[in-house]
Structure formats: C-alpha cells, structure tokens
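Each remark here refers to the structure printed beneath this line.
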Amino acid sequence: MADFSVCPICNLRFLTLELERHANSHFDDEDIDKDFELAQQIALDLACAPSSPPYIPVDDDMQCETSSQKDRESSFLKSEAKNCNPGGKDIDEKARILSSVHSNETRPQIGQRLMDLLKNCLELETEKTTTILCGNVDHFQSSHSEDFGWGCGWRNIQMLSSHLLKQRQEAREVLYGGSGFVPDIPSLQRWLEIAWKRGFDKQGSEDFDQAIYGKRNWIGTTECATLFRSFGLRARIVDFVSREIDIRSSGVGKCVGNMAPQVYGPMDRYLSKGKNVVSKAVPISYDVKAKPKVQQALIDWVWNYFADNKSRISGNHGILVSQKAPLYFQHDGHSRTIVGIQMKCQRNGPMQYNLLILDPGHTTESLAKSLKGNFGWQKLIKRDVHTLKKPLYQLCFLDPGIASGEEIESLKNLHSIRVEA
C-alpha cells in the first residue's frame, strides 16, 4: 500500500516521499501570505464539507481506505480547522510545521556505528597512546547529486546534531522542535532562516539577504553557532590566528590594522554569501609567519577541551570517552568534524598529537570499510600537526546546558574567542 501523509499546513494528503517538497513550497517568501490564507481556507472548507477527503489517484495495487480511517482523517481536519487562526501565522508556527514534517536525513546504516569501529581500531594499535573520543557521532557524507562542493558545513552540523540528539537529553528536547531526528539540508536551511527571523546573528543574516533556502552558498562556524543558539544551546566560536599574520582582503569585512574582524572570525572571509550559486573563495593574501605556533595552539586547545574531568576510560588501551560534543572545524575552503584527539609518547622527544576527524568529503562506505578491515583508516581520520598547513583556523564548540531568559537574548549577538599565537 502506498504511504500517504497529511500536510500540516494545508491538510491535503500527499505521498510521504513528496510531503517534504510540498510543505517546503509553502515557505516561499514571495507567496507565503497567500499560501497560508489559502491553506486555512482549504482547511475550513474541508471541515464544513459533507463529502469525503480530496480525491487521490489510486494505483491498481493500492488497497482502499476503510471507513474508520476516513473518519479519523475527517476528525483531524476539523480539529485543525477549528484551531487555526487565519492570518495569524508567525515564526513559532512556522517552526512547529517544520518540525512536524518528517524530513530526516537518510544515510548508510553503517554511519551510526563508525565511532565503535574507530574505537576498536584504536585499541588494536601497538604504540603507547592516550586517546580521547567524544561519544556517538553519525557520519554524514556530501552527495554528488545534492551538495558536493558546497555542503560540507551543513554535513558537519548534521554530525554535531546526531551527537546531541543521542547524548544530551536536554538538547534532544529543544533541537528542531523536539522532532528527535537530524534534518536534511533543505530543512536545516529553513531552521537557519527561522533563527535569523528570531533575531539571532542579525548582521550575518544580512550577508545572505535573510534567505538561504535552496541556495548553494558555503556556510561556516557563524551559521553553525547561530542555528544551535536559536534552540538555546551555548554554541561558541574560537579563532586561531598568528599575531604576525597580515590579512589583506578585497573589501570583504572590516579590519582594524592587521587584526581580523572582532565579531566574525577570519574564516568568514572565505564564504560567498547572498547569491544562489556555488560558492567561490573570496580572494585573500597572506603574509604568513609563526604558523607552527598557531598549529600548536589549536592542538593544545582541542586536547584541553576534550580532557575534562568527566572522561571515562574505555577498554584497556588508554582510550577515554569525553562528555564533550564534537567540534566544527573550519579552515579556508573546507570544514570537518573533530571527534577526538590522540597523544603519543615519543622517546627523547615531545608528545605527538593527532586530531581525529570525520570528513564529509569521504564516503561513509569507504570509512566503514577501512575501519572494519583495520587498514588505511589512519589516512582518512588522523591529522597530525604537520598536516595543518593553513594559517587560520576556526572552531565552533558547544558548552553544556540550555540557556533561557536573558541569556537567550545575549546569544543573539555573536562574538568569537580569539586565540593568538
């Protein structure tokens, strides 16, 4: 039997596979008022009409609905029509509708067990190491047919969301209207627009003309923090910049002397905003100095972030499981998700560190295959200091707890933490 669902906006029935596309069409800015007036009128007409629900073409192998199913549907329509408030559509209602449309992201099933596979491989290593991992994180890959080349930021948000939904009950209750699943990219774009309309990152929203749905622009840590903050999560941004770096940009952003912008971090210079085209990097030149200090500052910060007092040992190989959430890791041209860090003792030498990273540019299948076979996964996941060749880096991290009251208002204004080295 074909699977049908009722649109939460206009109460018409559609194939479940087509519901998201139909529901999103109600949000088009140029027609939103007319859409909702029409939707409310349809609901009222349906509630008053004595006839059966709207005609749906039936396939030859589709079974007919029972009279009890029709009765339940009619009761639902009448209830919705009775409670509707024509012309009273607001942002909260828009969020409610968005959370009720089941548009969770589909992905290879193995993506939900990658962290277990990674832990197993780490325990099989022969060198003496100490590793700190965050809890469960699902891997989300960029799709060649959907977002390849521009969607890495959204995929990292999905990875962070998968952790929060499974590891933090308080986050699960507020994220995405309490829907309990990770939305797909179009739905995440709608949620970001709602955050902007609620006053979060007003300056940043202007760079996108307050609209991101359906566009292929790059996003960064600013948009990640804005989205999570709109649900009351304490998302923060930290910049890692050399004291001796001189940033010269072609009129993008505002610099004070040789300093990067005070509110928006240096990575935002790479984001093409406001146009419905694949993003291109903003031209920028560097006078790069003291880069190794920036790399080490980044490594030290990540180690200290994950190495909290609530970490617990897993297995017998010095693997600690941290209570901290993954990190959104941004540099020019790409972003990834840091899920842990490893420290290795060297004879007569300093400690060697490796970041453990999930890259949306890798396929989930290739990651799973390499981890299952315990072969080649290091090249996909481990990143030591020498591979960090960019002069500027940026992280988005989430402090525990949910904000409320005046703190929510303070979260609407973004300020990055600056680490100079």
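Predicted model only: the values in this text are computed from it and were never measured.
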Pair [X] + [Y]: basic N to acidic O under 4.0 Å:
X	Y	result
R155	E146	yes
K166	D138	yes
R190	D184	no
D332	K390	yes

I need the minimum non-hydrogen distance between W196 and F200, along with the two atoms involved.
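Shortest heavy-atom contact: CD1-O, 3.4 Å.
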To check you understand the geometry: which heavy-atom pair defines the closest contact between D384 and T387, and what is its length?
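Looking at all heavy atoms of both residues, the shortest contact is O-OG1, 2.7 Å.
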Test ring-ring contact (aromatic ring centres under 6.0 Å, His included) applied to F397 and W301, step by step:
CA-CA 11 Å; F397 66 99; W301 193 97; 5.1 Å; yes
For atom NZ of K369, decide whether the heavy atoms of other residues, nucleotides or ligands shown that lie under 6.0 angstrom number more than 12.
no
For the residue pair W377 and N374, confirm or rule out a side-chain donor-acceptor distance under 3.5 Å.
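Note: W377 and N374 side chains meet the donor-acceptor criterion.
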For the pair F148 and H144, name the ring-plane relationship: parallel under 30°, tilted 30 to 60°, perpendicular over 60°.
parallel
Which of R234, R229, R236 passes salt bridge (Lys or Arg N to Asp or Glu O under 4.0 Å) with D399? Answer is R236
ring-ring contact (aromatic ring centres under 6.0 Å, His included) between F181 and Y176, intermediate numbers included:
CA-CA 8 Å; F181 58 78; Y176 312 120; 7.9 Å; no
